[in-house]
Engineer: 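One structure coming up, written as structure tokens, with questions to follow.
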Amino acid sequence: TLFPYTTLFRSFTNSHFVNNSDSASSIEQSKGSLIQLTGKTVSFLNSRFENNTNLIFVSNTELILQNITVINLKPVKNIRRLIKAHYTSLDISNFYVNSELTKSGSDSWFQVFNSKLNVTNLTMENIKANSGYIFDLVRTRLTIKDTNIQRCNFEIFGGMIQAIEGREIQIQDSIFLNINHLITATSYNSLTFRNLTVHQTYFSRESIQIQNASFIDISAVSISSTQHEGMNSIISLTEPQDSAVININRLNISNVSTMNGALYVQSKFINLSLAISDSLFVNDMSTSYAGAITILNTVSQKPYQAPLLPNKFVFINSVFLHNKALEYRSTGGRGGALYLSSDPESYITAVYQIINCTFQENVAAKFGGAIYSYGPQPVIQSSTFITNTASNRVNHIGSQAVSLSLNTTDIPFDPSNSLGLPIIDITSSPPRVYLNNLTSGQPIPEEYNMVIKLADWYGQRVLDDSSSALDIYTEG
């Protein structure tokens, strides 16, 4: 270790650290860093770190890093790390990292626990590793602004941020180009993403993956790809907490290929409110659900708290253009743009509202060229549907089978049963055919052909169905 400091205040200005190493140290111990800091306030200003091993270990300190350049951070025991911080307030600004070393192993560039981290004008490029994250956070409040991350490749898994159990994350006014994955966050109260551009040649996993959050705000975020490459989704929001609020405004996702849809939402809890407004989804495709947005409402456990309001999902002033729901190995193909589901066995239903939206030239392999709903009908107001197709025919909206009708040509209609002929009763639930006045043990005197039609909420014939059943039985 070069500087093991315990101090009330110390400042390093216009410093240059070159070719320092402590290759024998353990990365899990504080002595595995070039500089150890414990004290009240420490700052590094206008400094350069070049060809060093792990830089700074800091604990119970306010650390300020301004106008810093880091070139070719070298690994210790196959791991590279810029900063490891415990119970610390970190303020990082005008920070540049370029590390062109190609290596195996795992990177955690900023490993921060139980701290507060503010990052402004961070630039990182040419980061290569098998796995790891630029920011590896536990119970840490994070703010990132004016950041530019380019050409960061974690071949097996990893990405920009991994965050577990914290209060707040804010990422604003930043650009991320050709980085595998932006963020995985679990059990954070509040997450805000504003004015972001994310572009990847192809995505190998979700760009934004959030689980068990209370509040999510996504605004003015653009995500795109130049090559179609299948992954689960681009934005995955799963298991939001009870009474969670999700606001999505001016989200633009284009040219991505997924299994579950560009935006995937799975709700298992109650009183959820999600609003998507002024957003654009273009040329997105999926092989299991909708091309653009998939929402699955499955409240599997009986809630005990009140009030028990339906989970509410609202789409306003948004455009869905050229999205596709493809069929793969007999699955998928429903909902070119939207797949909206509420499990019939769910304890809490879902309410879907679509207001002033445009659906144009979306395609589904099976059903619901623009929208497919499973469960309650979506309420659609002042929206436009243009040339959406399913199974090579015009089809804008589809749902699961909800009614069964019996279309026959050779069974006379005998409502009074005066002729002893079959009676078709389509008012019963489920609809039934009765053959009356037959003697027990005698064969049916006629051969009748019956055509049974399955229809969705909109009276359209359902071409394939795995949730309905036809029962044939006798009484007497």
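Every heavy atom of this structure was used, including side-chain atoms; hydrogens, water molecules and symmetry mates were not. Here the structure is a predicted model, which is why all the values come from computation and not from measurement.
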Engineer: Between the side chains of Asn362 and Asn388, does any donor sit under 3.5 Å from an acceptor?
Structural biologist: yes
Engineer: Under a 3.5 Å threshold, yes or no: a donor from one side chain and an acceptor from the other, between Asn255 and Ser224?
Structural biologist: no
Engineer: How far does OG of Ser243 sit from CG of Leu272, to the nearest 0.5 angstrom?
Structural biologist: 9.0 Å
Engineer: Test side-chain contact (heavy atoms from CB on, under 4.5 Å) on Asp456 and Phe367; report intermediate values, then the result.
Structural biologist: CA-CA 10 Å; Asp456 69 355; Phe367 206 31; 3.4 Å; yes
Engineer: Ser93: what forms a side-chain contact (heavy atoms from CB on, under 4.5 Å) with it, not counting sequence neighbours?
Structural biologist: Gln66, Thr120
Engineer: Report yes or no: do Asn94 and Tyr96 form a side-chain donor-acceptor pair below 3.5 Å?
Structural biologist: no
Engineer: For the side chain of Ser382 and the backbone of Asn356, is there at least one donor-acceptor N/O pair under 3.5 Å apart?
Structural biologist: no
Engineer: State, without any angle test, whether Thr192 and Gln170 hold a side-chain donor-acceptor pair at a distance under 3.5 Å.
Structural biologist: no
Engineer: Residues in side-chain contact (heavy atoms from CB on, under 4.5 Å) with Thr358, at least two apart?
Structural biologist: Val319, Thr384
Engineer: Sequence neighbours left out, what passes salt bridge (Lys or Arg N to Asp or Glu O under 4.0 Å) with Asp146? Give chain and number order.
Structural biologist: none
Engineer: Determine, stepwise, if the pair Asp217 / Arg194 fulfils salt bridge (charged side-chain N to carboxylate O under 4.0 Å, His left out).
Structural biologist: CA-CA 8 Å; Asp217 184 9; Arg194 293 180 181 170; 2.7 Å; yes
Engineer: Would you say the side chains of Asn189 and Arg167 form a donor-acceptor pair under 3.5 Å?
Structural biologist: no
